[in-house]
Novice: 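What follows is a structure written as structure tokens; I'll ask about it next.
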Amino acid sequence: MLLKRMNRKLPYYLLGKYQLIGTVTFSVLFALVFLNIYIPFSETAWFGLGDSVMFMFTLVFAAIAILTLIISRMLMYSSKQYFDLTYLTYSLWSIIEIVTIAGLYTWITVDVITTDGTIWETFRKSLVNSTIALGVPYIIAGMYFAIIDKNNTIRLMNYENVVTDEPRKPEASLQKITLFDNSGTLKLSVSPENLYYIESDDNYIKVWYTDSKGNLQNYMLRCRLKTVEESFRDSGLIRCNRKYIVNLSKVSMLRKENEGYVLDLCNESIPPIPVTKTYTDSVLGYFTEQQPLMDPIE
């Protein structure tokens, strides 16, 4: 089970440009704080700001370590164009970064100071410290970006309590589906009555809706369809396919065909959307419990 999870595709929010920059920046700051706390208790620590020689080695090590992380994350960012990174690949990549930094520290330590232990003992200690200095901020950064992705991507906003000089509209029209990018910037706001369906496109989603002129439009946003499904649980938006979430208020007919059920939407330009076996019960449950007048055709 663990191996299966590790082989899952890495979420896009760990591979975005700003996320990678933020991870490196936070890791460097965390490492500096950790090393300043660790130095007084270490026998092999040679960092220093007073002595000119030690200060020079400190700058050299810090510059090489930061440059190594930057190059590594740039390669990680570029690699997603050629192959899909998994949780396992990302973990191994991070471990290689940690081992590389530990090896660099060991090499400079052996040349700079004389230690009582062996090279391998020095490397072991530096590996433990590098794991803490880099591994902890990697985990914290990943958790932070996961929370931001879940909370700021797509929301259903209720404007019922907003003061306005316009005439009060029906309650349904007081709700807006709002889409945000990873930085929390509002990108699109659409009324549920204008939304038809949401389509998955790799690491993106396409939101299909009609504009003020009634023309069918689509808007693409970096987001997982799973996030949308969780955000709109128990609403009129329901998943019917691995690739689609539909607004059931826009369904004109549920038809039974040889391959299974399909949904016809209230727009002739939209092709029928298939309902796969995984989601058949939830879709049928909606029509039989909430829409008794729209019985499926057997």
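Here the structure is a predicted model, which is why all the values come from computation and not from measurement.
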Novice: Rounded at 0.5 Å granularity, tell me how far CG in Leu20 sits from OG in Ser72.
Specialist: 9.5 Å
Novice: What distance separates Gln19 CD from Phe145 CZ, expressed to the nearest 0.5 Å?
Specialist: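 Those atoms lie 5.5 Å apart.
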Novice: Applying side-chain hydrogen bond (donor to acceptor under 3.5 Å, both in side chains), can you list everything that pairs with Thr89, at least two apart in sequence or on another chain?
Specialist: Thr86
Novice: What's the separation between atom OH in Tyr244 and atom CZ in Arg242, rounded to the nearest 0.5 Å?
Specialist: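 It comes to 10.0 Å.
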Novice: Report yes if some heavy atom in the side chain of Ile238 is under 4.5 Å from a heavy atom in the side chain of Ser282; otherwise report no.
Specialist: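 Answer yes - side chains close enough.
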Novice: Determine whether Ile98 and Leu127 satisfy the following criterion, side chain to side chain contact (heavy atoms under 4.5 Å, CB included), listing intermediate values before the conclusion.
Specialist: CA-CA 7 Å; Ile98 292 172; Leu127 184 61; 4.1 Å; yes
Novice: Where do Cys266 and Val251 come nearest, in terms of heavy atoms and distance?
Specialist: SG-C, 4.0 Å
Novice: Could you grab the distance from atom OG of Ser252 to atom CG of Leu265, nearest 0.5 Å is fine?
Specialist: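 Going from OG on Ser252 over to CG on Leu265, the span is 7.0 Å.
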Novice: Around atom CE of Met220, are there more than 12 heavy atoms from other residues, nucleotides or ligands closer than 6.0 Å?
Specialist: yes
Novice: Is a side-chain N or O of Lys206 found less than 3.5 angstrom from the main chain of Ser200, in a donor-acceptor match?
Specialist: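 No.
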Novice: Nearest 0.5 Å please: distance from the CG atom of Leu237 over to the CG atom of Leu248.
Specialist: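 Spacing of CG (Leu237) from CG (Leu248) equals 8.0 Å.
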Novice: Before giving the answer on side chain to side chain contact (heavy atoms under 4.5 Å, CB included), spell out for Ile101 and Thr68 the whole-Å C-alpha distance, their side-chain angles and the decisive distance to 0.1 Å.
Specialist: CA-CA 8 Å; Ile101 299 299; Thr68 300; 4.2 Å; yes
Novice: Do Leu32 and Leu134 share a hydrophobic cluster, counting only Ile, Leu, Val, Met, Phe, Trp and Tyr and linking them when any side-chain heavy atoms are less than 4.5 Å apart?
Specialist: yes
Novice: Taking atom CZ of Arg239 and atom CD1 of Ile198, what is their separation to the nearest 0.5 Å?
Specialist: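 Arg239 CZ to Ile198 CD1: 11.0 Å, rounded to 0.5 Å.
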Novice: Which residues satisfy the side-chain hydrogen bond (donor to acceptor under 3.5 Å, both in side chains) test with Ser269, sequence neighbours excluded?
Specialist: Asn267
Novice: If I compare all heavy atoms of Asp211 with all of Gln217, which pair ends up nearest, and what's the gap?
Specialist: OD2-NE2, 3.0 Å
Novice: Report the C-alpha distance between Leu284 and Leu254 in whole Å, list the side-chain angles of each, state the deciding distance to 0.1 Å, and finish with yes or no for side chain to side chain contact (heavy atoms under 4.5 Å, CB included).
Specialist: CA-CA 9 Å; Leu284 292 180; Leu254 172 66; 3.6 Å; yes
Novice: Is it the case that one hydrophobic cluster holds both Ile205 and Tyr279, taking links as side-chain heavy atoms less than 4.5 Å apart, direct or via other members?
Specialist: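 No; Tyr279 is not reachable from Ile205 via cluster members.
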Novice: Do Ile64 and Leu104 make a side-chain contact, defined as non-hydrogen atoms from C-beta onward lying under 4.5 Å apart?
Specialist: yes
Novice: Is a donor on one side and an acceptor on the other found under 3.5 Å between the side chain of Thr25 and the backbone of Ile21?
Specialist: yes
Novice: When you compare the side chain of Asn129 with that of Phe34, does any pair of heavy atoms fall below 4.5 Å?
Specialist: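 SC-SC contact between Phe34 and Asn129 confirmed.
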Novice: Under 6.0 Å from the six-membered ring centre of Tyr138 and within 45° of its axis: does the NZ or CZ of Arg73 meet both?
Specialist: yes
Novice: Has Asn247 got a side-chain atom pairing as donor or acceptor with Leu195's backbone, closer than 3.5 angstrom?
Specialist: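 It does hold such a pair.
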Novice: Measure the shortest side-chain to side-chain distance between Tyr197 and Leu263 over non-hydrogen atoms and say whether it is less than 4.5 angstrom.
Specialist: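 Of all side-chain heavy-atom pairs linking Leu263 with Tyr197, none is under 4.5 Å.
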Novice: Looking at residues at least two apart in the chain, or sitting in another chain, which of them share a side-chain hydrogen bond (donor to acceptor under 3.5 Å, both in side chains) with Glu199?
Specialist: Trp208
Novice: Are Val207 and Asn218 packed together at the side-chain level, in the sense that at least one heavy-atom pair is separated by less than 4.5 angstrom?
Specialist: no
Novice: Going hydrophobic residue to hydrophobic residue with side-chain gaps under 4.5 angstrom, can you get from Trp107 over to Val60?
Specialist: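 Yes, because Trp107 and Val60 connect within a single hydrophobic cluster, where side-chain heavy atoms sit under 4.5 Å apart.
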Novice: Look at the rings of Phe123 and Trp120 and say which category their plane angle falls in: under 30° parallel, 30 to 60° tilted, over 60° perpendicular.
Specialist: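 Correct class here is perpendicular.
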Novice: Mind checking whether Glu97 and Leu69 have side chains closer than 4.5 Å, heavy atoms only?
Specialist: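 When only atoms from C-beta onward are counted, Leu69 and Glu97 do touch, with a gap below 4.5 Å.
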Novice: Under a single-linkage definition using a 4.5 Å side-chain heavy-atom cutoff for Ile, Leu, Val, Met, Phe, Trp and Tyr, are Leu85 and Leu92 assigned to the same hydrophobic cluster?
Specialist: yes
Novice: Where the side chain of Ser78 meets the backbone of Leu75, is there a donor-acceptor pair that is under 3.5 Å apart?
Specialist: no
Novice: Does Ile132 belong to the same Ile/Leu/Val/Met/Phe/Trp/Tyr cluster as Ile140, with side-chain heavy atoms less than 4.5 Å apart forming each link?
Specialist: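 Shared cluster, yes.
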Novice: Side chain to side chain contact (heavy atoms under 4.5 Å, CB included), that's the test. Do Trp93 and Ser79 meet it? Break it down for me.
Specialist: CA-CA 12 Å; Trp93 197 305; Ser79 66; 4.1 Å; yes
Novice: Checking Val190 now: which residues fulfil side chain to side chain contact (heavy atoms under 4.5 Å, CB included) with it, not counting sequence neighbours?
Specialist: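 Only Ile177, Asn194, Tyr209 meet the side chain to side chain contact (heavy atoms under 4.5 Å, CB included) criterion with Val190.
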Novice: Side chains of Lys250 and Val246, heavy atoms from C-beta outward: is any pair under 4.5 Å?
Specialist: no
Novice: Using the side-chain hydrogen bond (donor to acceptor under 3.5 Å, both in side chains) criterion, which residues pair with Tyr196? Sequence neighbours excluded.
Specialist: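 Counting only residues at least two positions away or on another chain, Tyr196 forms no side-chain hydrogen bond (donor to acceptor under 3.5 Å, both in side chains).
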Novice: With a 3.5 Å distance limit and no angle check, can you tell me whether Thr23 reaches the backbone of Ala141 through a side-chain donor-acceptor pair?
Specialist: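 Judged by distance alone, no pair lies under 3.5 Å.
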Novice: In chain order, what residues pass the ring pair (Phe, Tyr, Trp, His ring centres under 6.0 Å) check against Tyr90, with sequence neighbours excluded?
Specialist: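 With neighbours one apart ignored, the set is empty.
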Novice: For the residue pair Ser126 and Thr106, confirm or rule out a side-chain donor-acceptor distance under 3.5 Å.
Specialist: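 Side chains of Ser126 and Thr106: pair found under 3.5 Å.
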Novice: Answer yes or no: is there a side-chain heavy-atom contact under 4.5 Å between Asn241 and Val275?
Specialist: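 The answer is no, as the side chains (C-beta and beyond) never meet within the 4.5 Å cut-off.
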